[in-house]
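Start at 1 and go down the list; that is how both ligands and their atoms are numbered. Count residues from 1 along the sequence.
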Amino acid sequence: MFWEQSIQCDAATDIGLRRQNNEDSHCVHICRDEAEWRRCGHLMMVADGMGGHAVGELASRIAVETVPHTFLKATSSDPRKLLQESILAANHAIHERGTQNVDFLHMGTTCTALALTPLGAIVGHVGDSRLYRVRRDRVDQLTFDHSLEWELERQHGTLEGIYNAHQHKNVITRSLGPEKTIDVDIEGPFPIMPNDTFLICSDGISNQISDPEIGAILRELPPPQAVNMLVNLANIRGGPDNSTAVVVRVGELPANVIPSPLEIVPEESAILDWSWLFGFWGIAMAFVIGLAMQLFGDEFHGSVLVIISLLAAGILSLALIRHRRLMRDSQLDDDSYTHHSRPHRTAVSLTSKALLDLLLKIDAELQRSARDDGWGVNWTEHEQALSSAQLCHREKRFPKGVRDAARAIGIIMEQLPRNSAHG
Ligand code: CA
């Protein structure tokens with residue numbers, strides 16, 4: 001990406017409806033000048049603390065203070081290394097704090113950090129918070145969940161036949177704090193395209209909202225509305241956990257800047273290298289010469305040459321298929337491959353119409369609860385937003401309808417009675 005590209009970034013966090021504390025923390029650092037951006041890049045992160053009472057809060061707060069502090073003051077020229085060192089520093093700080101006080105002994109936190117640098121997007125990640133990238137209609141999860149469920153699936157290739165596999169969803173296998181040393185996943189640089197939108201979120205969001213829904217919300221709503229919609233939706237669906245969302249959208253390229261190439265897909269080109277092309281070229285030449293010999297009278301030798309070249313083409317094709325399969329298998333076996341610049345999961349976002357239908361349905365249900373329980377909603381304002389959304393639906397102006405419906409839901413959710421909802 002380029003320094004000249006604008007950045008739109010917003011964050012929202014909410015305690016949810018069932019918890020006594022908000023143990024999530026987040027931070028956003030947008031560089032003040034180009035020199036700082038060239039040195040390290042814009043940085044955003046989410047940390048989801050654990051350990052009970054106020055302990056989780058402390059762990060996640062130390063993480064969001066230590067990571068940017070280390071990242072921004074360091075001098076290394078490699079942002080990947082810089083991000084790794086910053087997260088290791090946070091692990092050290094939390095672990096030290098944990099050993100000082102018996103109440104803090106098992107405190108830990110997840111940590112998902114995104115740096116938008118001149119090289120591209122770089123991700124540092126420990127735990128089960130997530131980073132998503134939305135590009136047009138596709139939503140990609142760029143982080144690997146360090147949960148028992150994902151680790152089991154990686155080991156066995158499938159969760160089928162594993163007893164109660166989905167109950168291991170919330171058991172996390174890696175976090176900052178409990179251990180003196182920790183493996184940090186560093187991924188990227190992922191090329192950044194204009195209008196790419198990234199979401200970093202805690203599991204309070206990703207457990208309640210599906211990937212296709214996340215993709216559509218990020219595509220249709222500007223970042224400030226998107227973060228509110230995500231948090232509202234998590235609460236509408238029960239709000240069992242704290243929820244935190246940081247959304248960043250990268251702007252268009254300025255007209256005087258030459259765009260960078262699209263994502264490179266290396267495996268196809270690497271497999272079909274020059275030796276294969278040369279082999280196929282040789283066979284094609286033999287085939288053409290055989291045909292020419294037939295044409296010019298030497299039918300016997302010409303036919304032999306044509307048959308031999310056809311056989312050779314068949315054998316070479318089979319060899320190529322086998323070679324590609326071997327290459328693919330070796331890439332799957334190689335951890336560094338799956339950990340390098342590839343989405344771990346990908347989905348197609350809902351269409352604008354499907355998202356509008358969903359939001360209108362949610363609004364109708366919310367209205368019922370709010371009216372029955374007498375929430376202090378500004379119904380006039382709500383009615384304006386809702387009728388505009390319904391009109392857009394009839395006129396098939398779905399993106400505008402989505403924004404109006406999100407506004408209508410937001411107006412009701414502002415009056416959500418928190419205390420009566422607890423317990
Ligand atoms: Ca959580």
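- Salt bridge D241/R18: absent, no basic N to carboxylate O contact under 4.0 Å.
- Taking a cutoff of 4.0 Å between a charged side-chain nitrogen and a carboxylate oxygen, R38 and E34 qualify as a salt bridge.
- Nearest N/O/S atom of D48 with respect to the Ca ion (ligand 1) is recorded as OD2.
- Inter-residue side-chain proximity for R219 and D137 is flagged as met; some heavy-atom pair is nearer than 4.5 Å.
- The pair R368-D372 fails the salt-bridge criterion, with no side-chain N (NZ, NE, NH1 or NH2) lying under 4.0 Å from an Asp/Glu carboxylate O.
- The Ca ion (ligand 1) sits nearest to atom OD2 when only the N, O or S atoms of D241 are considered.
- Taking the Ca ion (ligand 1) as reference, the nearest N/O/S atom within D203 carries the name OD1.
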